[in-house]
Asks: 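Below is the structure I would like to discuss, written out as C-alpha cells.
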Protein chains: 2
Amino acid sequence: MDNQDLKQEVTDKYSLRGRVFHRIREDILNGKYKDHEELKEVAIGQELGVSRTPVREAFRQLELEGLIQIIPNRGAYVTGIKVKDIEDIYMIRSKLEGLCARWACENITKEQLEEMEENIYLAEFHAARGHMEQMAELDNRFHNILYESCNSKMLEHLLKDYHQYVWRVRQKTLSSSRGAVSNVEHKFIMEAIRENNPDKAEELANQHMINAYENMVDKGLLSMFE
Amino acid sequence: MDNQDLKQEVTDKYSLRGRVFHRIREDILNGKYKDHEELKEVAIGQELGVSRTPVREAFRQLELEGLIQIIPNRGAYVTGIKVKDIEDIYMIRSKLEGLCARWACENITKEQLEEMEENIYLAEFHAARGHMEQMAELDNRFHNILYESCNSKMLEHLLKDYHQYVWRVRQKTLSSSRGAVSNVEHKFIMEAIRENNPDKAEELANQHMINAYENMVDKGLLSMFE
DNA sequence: CATGGTATGATTGTATACAATTATACGCAA
DNA sequence: TTGCGTATAATTGTATACAATCATACCATG
C-alpha cells in the first residue's frame, strides 16, 4: 500500500477515519515500530499523508487497546508485548475459545460448518507441503469462523481482538511444525460442534489453546519478546 | 461536579484528556444519554466547556468500547446495552472471574487478603441494615481487589471493563435482596483463595457470576434493557 | 397530489494556528 | 568538571477555520 495515497481509498474496507488507526495498529503489530519507541504525531501524519488530528484520534484508540501508552504532554510510546502478556492471553483465550465452541454448537450455520470443513481439508493439503503462509491464513480463518458462529457479538469482538494481538507470535508458531497438529485439533473441534456436543467442544477448544501455548514455550518461541 | 469547571480540575484523578472521555462514559452508563440518542460534538463540548477536538477523541474511544456507534459523516449514536449482551457478559465473566480467582490463589498479597476480609465483614453489617448504596460500593471494591490480586494486567483490565459496563444492571441487582447472599459467596471465594485451593476458588467464582445472572433473570431485572 | 431536483443549513472530517508543556542546550558559577 | 538556571526548540493540547458530506425544505414539474 502506498503511504501517500491513503485518502484515495475511501471506498475500501475501512473508512479513512479507521484507516489511519488500522494502519498504525498494523505497523505496531508487525514490529515496524519497536517496543518503547516514541510515536510522533507529525512524523506519522506525514508518513500517512494526513494531519495530526486523525493521528491523535488513532492514538487514543490504540492506547485503549493497550498497544501504546500516552503520557500527557510527553508523547506516545509503543507498549511491546511481554512474555507474561502472551501467557495471560493464551490462558484467557483458552477459556473463551472454549465458551465460543460451546456456543457454536447451538448457533453455527450450515454454511459456516461447511466452510470449516473446507478450511480443514485445504489445510491438510498445505500442511503436507509445508506451505507456511497458507497455513497461517487458514488458521486465521478457522478461528474467525468459529468466533462468528457463536452468535455473540461480545465474545466475537473480544476474541478477534486477542487473536490480532498475538498475531506476531502466532505466525512464528505456525511456521514451526505445529501446523499439521493444530489442524487435526481444529478437525476434532469441528466434529464436536457438528455432533452438537458442547462439553466436548469446549474441552477441545480449551486444550487447543493450551497446546498452542505449550508448543511456543517448548520451542522457545517466546524469547524474542523479552 | 460542575460542568463548566472541567478545566480547573487538572490535578484530579484523571488528566483533562481522560476527563472528557470518562465524563461522557459515565453519562452514558448512568443513563443520561439514552439508547440510540445522537451525541453531537458541539453540544457536548459546550456542556463540558471544551471544544470539539477532545470530544471527538473521546468519541473514538467510546466507540472502541462499544458504548457508541459512529457512522462516518453522520454522527455518534448511543449503543444501549441489550439483554443478550448482558447474558453474554455474565457468561464471559463467569469464566474469567474463575480464572482470576484461580490466579489470585498464587498471587494475592497479605494486604489484599486483609482488605477482602474487612470488606466482607463490613458488608455483613450493611446487609443486615439494608444499606443498598454501601453494598453496591463494597461489592464493587471486592471485585476490584480480586482483579488486582491475580497479577495479570491483561485480565485485570478486561474484567474492570466488563464490570463497569454492567454497572447499571449491577446496581439494580444489589438493590434487591441478593446483597447478603452475594456477600456470603464472596466469603467462600476468599476462603478458597486463602486456603490456596485454586480449583475450588475458580469453581466458586464461576458459580458466583452465574448466580448473579440467574438472580437478575428470576427477578425480571433485565426487562428495563429491552 | 406525488415526485424529483436543487438550495440551504447542520454536522462531521480535516488541517492549521496558537497555547501550554516538556526536553534540550548552553552558559555561568562553584 | 559538575551542577544549576535560563533560553530555546520540539512536541503535545486545544481551539478554530475551512472543506466535505448529509439531512431537510422548498419548489418545479408530471
Side-chain angles (χ1 to χ4, degrees), chain A residues 2-25 27-28 33-34 36-64 67-79, chain B residues 2-25 27-28 33-34 36-64 67-79:
Chain A
D2 188 355
N3 292 336
Q4 299 306 319
D5 293 327
L6 221 58
K7 279 190 181 177
Q8 316 308 324
E9 305 169 52
V10 179
T11 53
D12 277 38
K13 188 176 173 189
Y14 301 113
S15 64
L16 172 60
R17 169 174 74 81
R19 259 310 158 67
V20 178
F21 168 64
H22 284 281
R23 175 56 189 279
I24 302 175
R25 192 174 192 278
D27 284 344
I28 295 175
Y33 303 123
K34 304 273 182 284
H36 298 111
E37 184 170 342
E38 181 172 0
L39 301 182
K40 287 175 191 156
E41 295 172 356
V42 278
I44 291 181
Q46 280 182 347
E47 194 176 327
L48 271 60
V50 295
S51 77
R52 286 174 56 209
T53 310
V55 175
R56 281 182 62 85
E57 292 178 359
F59 277 13
R60 294 291 181 269
Q61 297 177 285
L62 291 166
E63 185 188 32
L64 216 66
L67 270 81
I68 64 175
Q69 183 189 5
I70 299 177
I71 302 176
N73 286 311
R74 291 266 291 276
Y77 303 87
V78 176
T79 305
Chain B
D2 188 356
N3 293 338
Q4 300 307 320
D5 293 327
L6 222 59
K7 279 190 181 178
Q8 317 308 325
E9 305 169 55
V10 179
T11 53
D12 276 37
K13 189 176 171 190
Y14 301 112
S15 62
L16 172 62
R17 169 174 74 83
R19 260 306 159 69
V20 178
F21 168 64
H22 284 281
R23 175 58 188 278
I24 303 174
R25 193 174 192 276
D27 285 344
I28 295 175
Y33 302 123
K34 304 272 183 285
H36 297 113
E37 184 170 341
E38 181 172 359
L39 300 183
K40 286 173 189 156
E41 295 172 356
V42 276
I44 291 181
Q46 281 181 346
E47 195 177 326
L48 272 58
V50 294
S51 78
R52 288 174 56 211
T53 312
V55 175
R56 282 181 61 84
E57 292 178 359
F59 278 14
R60 294 293 181 268
Q61 296 178 286
L62 290 165
E63 186 188 31
L64 216 65
L67 270 78
I68 65 175
Q69 183 189 6
I70 299 177
I71 303 175
N73 287 312
R74 291 267 290 278
Y77 302 87
V78 176
T79 305

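The structure presented is a predicted model; accordingly, all values stated were derived computationally and were not measured.
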Asks: Does the side chain of A:Lys34 come within less than 4.5 Å of A:Val78's, by heavy atoms?
Replies: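 A side-chain contact under 4.5 Å is absent here.
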Asks: Measuring from the side chain of B:Glu38 (C-beta onward, heavy atoms only), which nucleotide among D:dT14, C:dT14, C:dT11 has the closest atom?
Replies: C:dT11
Asks: Output the rounded distance in Å from OH (A:Tyr77) to P (C:dT22).
Replies: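 It is 11 Å, rounded to the nearest whole Å.
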Asks: On DNA chain C, check which nucleotide each of B:Gly75 and A:Ser51 is closest to and give me the residue with the more 5' one.
Replies: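 Result of the comparison: B:Gly75.
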Asks: How close or far is atom P of C:dT12 from atom CD of A:Glu57, stated in whole angstroms?
Replies: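 So the two atoms are 12 Å apart, to the nearest Å.
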Asks: Measure from CZ on B:Arg56 to C1' on C:dA15 and round the result to the nearest Å.
Replies: 12 Å
Asks: Hey, are the side chains of B:Glu38 and B:Lys40 touching, using non-hydrogen atoms and a 4.5 Å cut-off?
Replies: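 Of all side-chain heavy-atom pairs linking B:Lys40 with B:Glu38, at least one is under 4.5 Å.
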Asks: DNA chain C: B:Thr53 or B:Lys40, which has the more 5' nearest nucleotide?
Replies: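 Nearer the 5' end of the strand: B:Lys40.
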Asks: Provide, to the nearest angstrom, the distance between the CZ atom belonging to A:Phe21 and the P atom belonging to C:dG13.
Replies: 16 Å
Asks: Among residues at least two apart in sequence or on other chains, which ones pass side chain to side chain donor-acceptor pair (under 3.5 Å) with A:Asp27?
Replies: A:Arg23
Asks: Is any side-chain heavy atom of B:Val55 closer than 4.5 Å to a side-chain heavy atom of B:Leu48?
Replies: no
Asks: Under 3.5 Å between N/O atoms: give me all the protein pairs with nucleotides 20-23 of chain D, atom names plus distance.
Replies:
residue : atom : partner : partner atom : Å
D:dA23  : OP1  : B:Arg74 : NE           : 2.7
D:dA23  : OP1  : B:Arg74 : NH1          : 3.3

Asks: Return the value, rounded to whole Å, for the distance between atom CD1 of B:Ile44 and atom P of C:dT12.
Replies: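 In whole Å, C:dT12 P lies 9 Å from B:Ile44 CD1.
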Asks: Can you check the A:Ile70 CD1 to C:dT22 P distance for me, whole Å?
Replies: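 These atoms are roughly 16 Å apart.
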Asks: Looking at side-chain heavy atoms only, is the closest gap between B:Tyr33 and B:Ile68 below 4.5 Å?
Replies: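 Counting from C-beta outward, B:Tyr33 and B:Ile68 never come under 4.5 Å.
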Asks: Using whole Å, what does the distance between atom P of nucleotide D:dT12 and atom CD of A:Gln69 come to?
Replies: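 For the pair A:Gln69 CD and D:dT12 P, the rounded distance is 14 Å.
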Asks: How close do B:Gln69 and B:Thr79 get, counting heavy atoms only, and between which atoms?
Replies: N-OG1, 3.4 Å
Asks: Report the nucleotide, chosen from C:dT16, C:dT14, C:dT11, that has the shortest atom-to-atom distance to any side-chain atom of B:Arg52.
Replies: C:dT14
Asks: State, yes or no, whether a side-chain contact exists between A:Ile70 and A:Arg60 at a heavy-atom distance under 4.5 Å.
Replies: yes
Asks: B:Gln46 CD to D:dT14 P: how many Å, rounded?
Replies: 17 Å
